[in-house]
Amino acid sequence: MQLADELDIRVHEGLRFLVVKDYELVAYDDLKKADVLVIEFISIQDTTGLLKMIRTHADRAVYLMPVYLSRVNEISDMIIKTLIDGRVSNLDKLDEVAERAGKIKYLAGVS
Amino acid sequence: MKLNALIVDDERSLRMMLTKMIQKASNQVNIIAEAADGQSALRIVENEKIDLIFLDLQMPGMSGFEFLEAATLDIDTQVILSTADKAFALKAYEYGITDYLLKPYSVSRLKQSIDRAIKRKEESLESTNSKTDSMMLRLLKFMHSREINELKPIPYRNSLIGYHYPFLSIHFDFDKEIEVLNLLQKMEKAGYLSEAFEESIYLCNQCSNSYLNIREVCPKCESGNLKSEDIVHHFSCGYVGPLSDFMDESSPNAMRCPKCEKTLKHIGVDYDKPSAMYNCNNCGAQTQNPLLKSQCKNCLVEVPVENLVNRHIHSYQITEHGHIIARSGVNINLGSQEQRSIEGDHKLLRGGTFERSVKKEILRKKQAQFDCTIALIKLENLGVLVDSMDPVDAENLYKDLQEIVFNDIDPLCETEVSKPDFIFMLLPEKNEEKASIIVKQIVSRLELLLYDNYPAVAIQSAMVVETVRETDTFNGLVKKIIDLINSNSILT
């Protein structure tokens, strides 16, 4: 595991996981530096807003990016459920989702 | 851009006059059919791609309103109504029409209506075409990358149509969500998705909203302030009256007949409740047949429930073709002209000359007795051959094949080469025997051309000839001959 610059980017199994805590600071250039996005859950409204921004993005690498939620025990909102690829129980255990995220990237055809 | 138009008016002279006025008013209207009554118009809209209908309201048999209720029009089909009676104006807009013309009207007023229809069409095409194509690819790629085989709609209160389609619906503003259904329908027709019925829904005919308040209203004053009361029929004495007539003040839980004074105990044995009486608290009218009206909670328009738009909600499975598109990332271009309908693995130009010709012949068969056949030639391995060729050479080969077919058929006939290996033919005024002779001759020439130029590729031919009947549909007919050629075809 390693940290890069001011962004919280953690590398697992060759994939760069960008961990986002403050939604307003999420920039396109930052997303381009990552393979996988991990969003720390704040509220249904804010999280849905960020997810919609990502999934409707014009760049294929962004809208097809594997996205996981953290700091949430159960996802009750059905719209959020359809827009994420799963949940991360602990930021130190990103390898739990690395294999699946890698497969999504492979099938999406984005490097 | 031209709009394909249909004129519906029972008076021939008025149809002719309107045709001339339309020609003066705009060169963007192509009148492709006329109908003298609602029934004929129904048959035409079933078989033709109509963009604009000039509809007379007062016709014998089926009125303009009755036609609109009976017709299953495309979401893009616009209607300009005309009538001599302005009393219908308000009601006319309940049907979601584009404009309403009060007879007599001038060419300039007609031009305004046509321009409005053209503007609507252009706006609709501009906003949907490029967005539609890229949205299809986005959805396919998302499903493919997540190995999601089924796109299942989620009942959702905050959606315009009442259902949320994962990933897809977020791309549309609330008031444009109906486009989600249109887009999925296009993807299904293009063969990228297959559909399974989930639910039938009713939508506002103005804004496509599903949140509707449907209630009984007074047929006289249209107020919803009604009080209903059951009608009771007492079997033994035959007395029929409102439930309040049977209420006994001395014992509130008992029912006593006001005629014979017997106590009513058991429903189904002593009495029944055959209907209900509605009392209007607004105007005092009484009725057993209140109107059923819907009020849209989005645009607040009130329409009779018969005028609501019925749509089907489906779940969708990604097809193998859809996976191929998602994997290849090829840009989808279904455009306005090049929409393709897929029958099995084969594509025919949707709305193209061949499809239109077949539909016209089916329509003609309903009105007259004559022979007409459809034929299909399959050139097995042609796809393998063209895959190995330079794309320009492959295109030229298809042109050569089409030319051979055109040379052997008379001008009444129509043909379309459906890549990779099918050639469809329509042979009006030919019975199966005559058509078989022509088609066999064409097959021989095609085989000769292919053998002379590509002797190394073994191309095996098959053909079927089938009579066109008035009960046929275009898609049904195409499916039938494809099934036939894949099973019991005549190998040449």
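Throughout, a chain's letter reflects where its sequence line sits, starting with A, and its residues are numbered from 1. Quick note: numbers below take in every heavy atom, side chains included, and nothing from hydrogens, waters or symmetry partners.
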Any chance the side chains of Asn298(B) and Tyr211(B) put a donor and an acceptor closer than 3.5 Å? no
Taking side chain as everything from C-beta outward and backbone as N, CA, C, O, which of these in His164(B) sits under 4.5 Å from a heavy atom of chain A? Side chain, backbone, both or neither. side chain
Got more than 12 heavy atoms from elsewhere within 6.0 Å of CD, Glu302(B)? yes
Do Lys297(B) and Gln295(B) have side-chain N/O donor and acceptor atoms under 3.5 Å apart? yes
Centroid-centroid distance, Tyr192(B) to His321(B), less than 6.0 Å: yes
Under 3.5 Å side-chain donor-acceptor pair for Gln317(B) and Ser194(B): no
Modelled atom types, side-chain donor and acceptor of Ser200(B) and Asn310(B), under 3.5 Å: yes
When you measure from the centre of the six-membered ring of Tyr202(B), is the NZ or CZ of Arg311(B) under 6.0 Å away and within 45° of the axis? no
Identify whether the distance between the nearest side-chain nitrogen and carboxylate oxygen of Asp95(A) and Lys93(A) falls below 4.0 Å. no
Met53(A) portion near chain B, given a 4.5 angstrom heavy-atom threshold: neither
Which class fits the ring pair His312(B) and Phe197(B): parallel under 30°, tilted 30 to 60°, perpendicular over 60°? perpendicular
Residue-level interface, residues 72-84 of chain A with chain B, non-hydrogen cut-off under 4.5 Å: Met78(A), Ile79(A), Thr82(A), Leu83(A)
Taking the side chain as everything from C-beta on, heavy atoms only, tell me whether Leu151(B) gets closer than 4.5 Å to Met143(B). yes
Which bit of Ile154(B) is near chain A, if near means a heavy-atom gap under 4.5 Å: side chain, backbone, both or neither? side chain
Taking a cut-off of under 4.5 angstrom between non-hydrogen atoms, the residues of residues 40-49 of chain A near chain B are none
For Asn90(A) and Arg71(A), which I'm curious about, is there any donor-acceptor pair between the side chains at under 3.5 Å? no
